[in-house]
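Naming convention: chains lettered A, B, ... in sequence-line order (proteins, then strands); numbering from 1 in each chain. Model, not experiment: these values are computed from the prediction.
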Protein chains: 2
Amino acid sequence: MEHTPIACSHHDHNHCISDALEAARQLCLGRGVRLTDLRLQVLELIWQNHKPLGAYTLMEMLAKANTRRVAPPTVYRALDFLLEQGLIHRINVLNAFIGCPSPTTKHQSHFLICRACGIAIELNQPELSQQIIGVARDAGFAVETQSLEVSGLCANCAGNTEHSEHRHE
Amino acid sequence: MEHTPIACSHHDHNHCISDALEAARQLCLGRGVRLTDLRLQVLELIWQNHKPLGAYTLMEMLAKANTRRVAPPTVYRALDFLLEQGLIHRINVLNAFIGCPSPTTKHQSHFLICRACGIAIELNQPELSQQIIGVARDAGFAVETQSLEVSGLCANCAGNTEHSEHRHE
DNA sequence: GGCGGCTATGTTACTCTATAACCTATCATC
DNA sequence: GATGATAGGTTATAGAGTAACATAGCCGCC
């Protein structure tokens, strides 16, 4: 267990999940939107995994967790809600979703994605956002959303380069 | 016409297509890889459009162009080849493909994508690439590929803001 | 309290995107 | 012209996402 990815290392995961869920509850309360059972459960599953999760994987997990068996539209609606509220991000390159650790502050979607262990590390780099906006403005382009998805090897997996490389030739 | 997006402004489109195709031929020749009829035709269709093009749209265009009717795997294999050679880029947020104007120089995939007219403008900002690599390194992350997809309004469409906004509200 | 409207979820069916697996044709070289 | 390698054809299916319509729960209000 010593090769746990950064974002997952040295933290009480249960605590981090319950924090995220509590923050979500407060945020929805404050905004007057309804964090229903289903939406909360989807958010919880996403946080439990701590890795980008596809909509269909999520469906299976829901089916296992309860006896509740949900169809695609149900999951996608929950995901849409969570996206709108900024509680999760979508990773386009993976067609997957991951929890946002700071849903209250408006920010862009910038991720480091490890091809070996699958973890997605969210960056918090306002200067980078600004630089991108600046580059766009030079081209006369008005930015609305940014999606930066950097693929490679995380610190842990890069540490085991030989093995990783062999596993993923 | 002064608000024409960079990538499309003031250029002889036929010339720009034939240039791209000729460059592709040379590049493949130099690398000893085969730019077959099919691959060339796919690349040509992509360049003719000058906007990100989905694989299935491409299939229809192929069916119309010739009597040749191809199945999905055929198109995807051609696209995979073109991607490997750096002749096209994939726009994840659109599930679509677009020609690369500078396939010979290794570079990352950075795009401005207009939600109104659908154009995708490729950025050429090595400093931005470097900054991203730096940020990643600070997190112990070894970058392999970058995908930056910025959505918003291009100069042209932003110029018609009132109309665009109404159309897309 | 029951009516009416609103929001959330359930259900069915379908579209779009992508790949697996296997088979055939073409090319390249000896 | 046999042989191996690469490219393309074919069938079927997996994976991702949405349209359209039905139902259920919630809220306010007269």
Side-chain angles (χ1 to χ4, degrees), chain A residues 24-25 28-29 31-46 49 51-63 65-85 87-98 118 147 149, chain B residues 24-25 28-29 31-46 49 51-63 65-85 87-98 118 147 149:
Chain A
R25 261 185 285 260
C28 289
L29 199 65
R31 290 182 188 165
V33 296
R34 288 164 57 191
L35 187 57
T36 62
D37 284 353
L38 177 65
R39 292 167 174 176
L40 184 60
Q41 198 183 0
V42 168
L43 184 60
E44 188 171 7
L45 286 171
I46 288 178
N49 233 58
K51 279 185 194 176
L53 214 56
Y56 279 69
T57 310
L58 215 38
M59 279 178 54
E60 287 173 23
M61 296 172 83
L62 281 170
N66 356 30
T67 35
R68 162 182 251 155
R69 206 177 310 151
V70 301
T74 303
V75 175
Y76 279 102
R77 282 187 289 231
L79 291 170
D80 285 346
F81 171 84
L82 297 172
L83 283 171
E84 273 169 26
Q85 299 303 323
L87 293 166
I88 60 174
H89 289 288
R90 184 172 202 284
I91 310 285
N92 292 311
V93 78
L94 299 176
N95 291 336
F97 304 85
I98 192 166
S147 159
E149 297 175 356
Chain B
R25 262 186 283 262
C28 289
L29 200 65
R31 290 181 188 166
V33 296
R34 288 164 56 193
L35 186 58
T36 61
D37 284 354
L38 177 66
R39 291 166 175 176
L40 184 60
Q41 198 184 0
V42 168
L43 185 60
E44 188 171 7
L45 285 171
I46 288 178
N49 234 57
K51 279 186 195 176
L53 214 56
Y56 280 72
T57 310
L58 215 37
M59 278 178 55
E60 284 171 26
M61 295 173 83
L62 281 170
N66 356 29
T67 34
R68 162 184 252 154
R69 204 176 312 151
V70 300
T74 303
V75 174
Y76 279 102
R77 281 187 290 233
L79 290 170
D80 285 344
F81 171 84
L82 297 172
L83 283 170
E84 274 168 26
Q85 299 304 322
L87 293 166
I88 61 175
H89 289 288
R90 184 172 203 286
I91 310 285
N92 290 312
V93 79
L94 299 177
N95 292 335
F97 303 86
I98 193 167
S147 160
E149 297 176 356

Proximity to the side chain of [X] - top-ranked nucleotide from [options]:
X: B:Thr36; options: D:dA7, D:dA16, C:dG10; value: D:dA7
X: B:Tyr56; options: C:dT17, D:dT18, C:dT19; value: C:dT17
X: B:Arg39; options: D:dG8, C:dA8, D:dT18; value: D:dG8
X: A:Thr74; options: C:dT11, C:dA8, D:dG9; value: C:dT11
X: B:Pro73; options: D:dT10, D:dA16, C:dT12; value: D:dT10

Could you state the atom-to-atom distance from [atom1] of [X] to [atom2] of [N] in whole Å?
X: A:Gln85; N: C:dT7; atom1: CD; atom2: P; answer: 14 Å
X: A:Asp37; N: C:dG10; atom1: CG; atom2: P; answer: 11 Å
X: A:Ile91; N: D:dA16; atom1: CD1; atom2: C1'; answer: 16 Å
X: B:Glu60; N: C:dT15; atom1: CD; atom2: P; answer: 13 Å
X: A:Asn95; N: C:dT19; atom1: CG; atom2: P; answer: 10 Å
X: A:Tyr76; N: C:dT15; atom1: OH; atom2: P; answer: 17 Å
X: B:Met59; N: D:dT10; atom1: CE; atom2: P; answer: 12 Å
X: A:Leu38; N: D:dA24; atom1: CG; atom2: P; answer: 17 Å

Pair A:Phe97, A:Val42 - check side chain to side chain contact (heavy atoms under 4.5 Å, CB included), show working. CA-CA 11 Å; A:Phe97 304 85; A:Val42 168; over 6 Å; no
Counting heavy atoms not belonging to B:Arg69, are there more than 12 under 6.0 Å from its CZ?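 No, CZ of B:Arg69 has 12 or fewer neighbouring heavy atoms, counting only those of other groups under 6.0 Å.
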Yes or no on side chain to side chain contact (heavy atoms under 4.5 Å, CB included) for B:Val75 and B:Tyr56, after CA distance, side-chain angles and deciding distance? CA-CA 8 Å; B:Val75 174; B:Tyr56 280 72; over 6 Å; no
Could you say whether B:Val70 or A:Gly54 is positioned toward the 5' end of DNA chain D, judged by the nucleotide with the nearest heavy atom to each?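 Here B:Val70 is the residue nearer the 5' end.
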Which sits closer to the 5' end of DNA chain D, A:Thr57 or B:Phe81, going by the nucleotide each is nearest to?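 Its nucleotide being nearer the 5' end, the pick is B:Phe81.
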Please list each protein N or O that sits under 3.5 Å from an N or O in nucleotides 22-30 of chain C, with the distance.
none

Quick one: salt bridge (Lys or Arg N to Asp or Glu O under 4.0 Å) partners of A:Arg77, sequence neighbours excluded?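 Result, salt bridge (Lys or Arg N to Asp or Glu O under 4.0 Å) vs A:Arg77: none returned.
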Sorted by chain and residue number, the side-chain contact (heavy atoms from CB on, under 4.5 Å) partners of A:Leu45 (sequence neighbours excluded) come out as A:Gln48, A:Leu58, A:Met61, A:Leu62
Strictly distance-based, threshold 3.5 Å: is any side-chain N or O of A:Glu149 a donor or acceptor partner for the main-chain N or O of A:Ile91? no
If you find the nucleotide of DNA chain C closest to A:Pro72 and the one closest to A:Ala78, which residue's nucleotide is nearer the 5' end? A:Ala78
Any side-chain heavy atom of B:Leu87 sitting closer than 4.5 Å to one from B:Cys28?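 In contact.
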